[in-house]
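Every number for a ligand or one of its atoms is a count from 1 in the order of the listing.
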Amino acid sequence: MIKKFYPSSLYNFLRFIRSNPVNARILDCGAGGPDPKLAFFYENGFETYGIDISEDQLEATEDYCKKHNIKLNVTKGDMRSIPFESKFFGYVYSYLSMVHLSKNETAQAINEIHRVLKQGGLCYLNFLSKYDQGYNEKKESKPGEVIDKYENEEYLHSYYDDDELDGYFQNFEILYKEKRYILKGKYFNTGRTCILDYIVKKL
Ligand SMILES: C[S@@+](CC[C@H](N)C(=O)[O-])C[C@H]1O[C@@H](n2cnc3c(N)ncnc32)[C@H](O)[C@@H]1O
């Protein structure tokens, strides 16, 4: 087992999963990077799958897997068109990755998650609140959509009002919704200060 602690929202999702058994297959949408959250589910006995759109991020995850001698099954893929058959997964999540999609694309990705989930399956997603310090109304390209620059690359971030996302989950039951406001310190090594968490169940 890798000796580390993961973001508390993942433990919260696991708590919901344990009281809602479907199957052991879990998918991470936007799974790449040097700190793959799938390792948490791997350690907890899941059959893990992940997709990411960026070669660099995929490479970083591969390095992590080699270093720790684990197999997470992270491959190239776009959450707007998930490369898996319908009703394959018991669980799907996206951790600070769907935040990069426009609002239209977010609706599209949520439909895709609905498609690949089994009935009764659970999904955990987090989003950026408009109360987050990164939200800047003056820089919006569309309402709630901001293009940020980081190390010469441009990234889109979508920001939401408290209840704006509820309508995106019409084919789900919303089991849990949290607005996490960081008054001091950092949100798990990110500069984020206000996050909206949703755990939803496919109807
Ligand atoms: C901020 S990183 C978070 C990565 C990881 N979830 C973590 O917690 O460390 C965002 C990730 O989302 C990926 N991404 C962005 N758009 C995507 C899309 N349409 N489909 C799949 N992955 C995407 C990026 O390549 C990047 O790896």
### Query
Within the side chain of D161, is there an N or O that forms a donor-acceptor pair under 3.5 Å with the backbone of D163?
no

### Heavy-atom closest contact (Y124 atom, D197 atom, distance)
OH-OD1, 2.9 Å

### Task
Considering only NZ, NE, NH1 and NH2 on the basic side and carboxylate oxygens on the acidic side, decide whether E164 and K103 come within less than 4.0 Å.
yes

### Task
Write down the atom of K76, the atom of I53, and the distance for their closest heavy-atom approach.
CE-O, 3.4 Å

### Task
For residues S94 and N126, report the shortest heavy-atom separation together with the two atoms involved.
O-OD1, 3.4 Å

### Query
Would you call E47-R25 a salt bridge at under 4.0 Å N-O?
yes

### Message
As a test of reading the model: which residues have a non-hydrogen atom less than 4.0 Å away from ligand 1?
### Response
G30, G32, D35, K37, D52, I53, S54, Q57, G77, D78, M79, R80, Y95, L96, S97, H100, L101

